[in-house]
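The next block holds one structure in the form of structure tokens; read it before the comments.
Order of appearance sets the numbers: ligands from 1, and atoms from 1 within every ligand. Not measured: the values here are computed from a predicted model.
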Amino acid sequence: MLTLSGDPTYDLLATLALAIVVITTVAALFMQTPYGRFADSKWGVSLDSRLGWFLMELPASITFLVTFSFGPHRFEPYPLVLLFVWCCHYANRGFLMPLFMRVPKGQKGSFSLMVVTIGWVVTSLHGYLNARWATTFHADTSVGWLTDPRFVVGAITYYVAMGFNLHADHVLRTLRTKDEIARGERHYRMPRGGLFEYVTNASYFAELVAWSGFALMTWSPGGLFILGISLANLVPRAIATHRWYREKFPDYPTQRKILVPFVW
Ligand code: NDP
């Protein structure tokens, strides 16, 4: 078992989190997470994507807020700043993103219930590990941490990348018109503009940079966990998505990389 905090519950759950990252990394070599364009009925019941995303992300908000509310340092400056960051992030990912997704009317669900249930383990651990560390174990919860170079560089990285992530999600969402959605038409089009001029997976690239910034600014096992699990999920999906676009669009721009601008 990892020894990170000296608290047996925290260390046990952090060890479980590490095991989940390893298992996900291996599993993702053999299959794509079944939702969206990679939905597959062989994995059983599927939900409407909006409901699937909402349910899957909900534990991140609940476990964070509950754990936070018991933390001995919860009213100190750094935990309060993290609370703000968390609430903004999950207001978007857990509530606004599902609410605004353009899901064609009347089509059968494309978000596997299996993804939701496995996702619950991940999002619950994510909320717990981050809230408990910030309010109980973080070495410095004073205003001093907010001027530490790790926090400053991490926070800037996180916010800039989240700006790109929101933009990329907006581009993808608006590739389908509201009329098409109302008619139940599920079109896929080629995204353009912003980071999409450089990479196929603009939202994933920005997401991974944002979690790198988050890991730096929180300097915590929870930060490393969400970065690790995001890499395990998104790198293989990015490869499959890039392949999918090249097959679907014969005129797909050849200079567009998979995930990292100018590199890969
Ligand atoms: P996708 O790009 O697969 O889908 C986002 C939405 O856009 C869906 O409604 C999808 O429709 C639609 N869409 C995508 N491509 C097109 C296209 N070419 N034409 C028309 N519509 C399109 O993103 P994800 O759902 O995988 O991710 C959403 C957000 O969640 C991203 O910001 C991502 O970074 C983040 N995420 C984070 C993870 C993590 O581990 N941290 C894991 C997964 C996602 P449809 O559903 O019909 O395909």
Taking non-hydrogen atoms only, is [X] closer than 4.0 angstrom to ligand 1 via side chain, backbone, both or neither?
X    : value
R93  : side chain
N165 : side chain
R37  : both
L234 : side chain

To the nearest 0.1 Å, how far is [atom] from its closest protein heavy atom, and which atom is that?
atom                    : result
atom 31 (C) of ligand 1 : D169 OD1, 3.4 Å
atom 39 (C) of ligand 1 : S230 OG, 3.6 Å
atom 5 (C) of ligand 1  : L172 CD1, 4.6 Å
atom 46 (O) of ligand 1 : G36 CA, 3.6 Å
atom 20 (C) of ligand 1 : H187 O, 3.4 Å
atom 44 (C) of ligand 1 : W53 CH2, 3.5 Å
atom 48 (O) of ligand 1 : Y188 OH, 2.5 Å
atom 34 (O) of ligand 1 : E207 OE1, 2.9 Å

Does any non-hydrogen side-chain atom of [Y] lie less than 4.5 Å from one of [X]?
X    : Y    : value
H242 : Y252 : yes
K105 : Q107 : no
M114 : P34  : yes
F68  : L83  : yes

Pair [X], [Y]: side-chain N/O donor-acceptor within cut-off below 3.5 Å:
X    : Y    : value
R186 : Y188 : yes
S5   : D11  : yes
H89  : Y158 : yes
S112 : S46  : no

Identify whether L65 and I226 are in the same connected component of the hydrophobic contact network (ILVMFWY, side-chain heavy atoms under 4.5 Å).
yes

Interatomic distance, T33 atom OG1 to F111 atom CZ [nearest 0.5 angstrom]
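T33 atom OG1 to F111 atom CZ measures 9.0 Å (nearest 0.5 Å).
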
Among R173, M162, R176, which one puts a heavy atom closest to atom 47 (O) of ligand 1?
R176

Which option, Y35, F249, Y204, owns the non-hydrogen atom nearest atom 43 (C) of ligand 1?
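Checking each option, the heavy atom nearest atom 43 (C) of ligand 1 is found in Y35.
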
Which atoms of ligand 1 sit under 4.0 Å from any heavy atom of [X]?
X    : value
R186 : 45 (P), 47 (O), 48 (O)
M101 : 8 (C), 9 (O)
W211 : 41 (N)

Using a 3.5 Å distance criterion without hydrogens, assess whether the side chain of T136 forms a donor-acceptor pair with backbone atoms of W133.
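No, the answer is negative, given that no donor and acceptor are paired below the 3.5 Å cut-off.
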
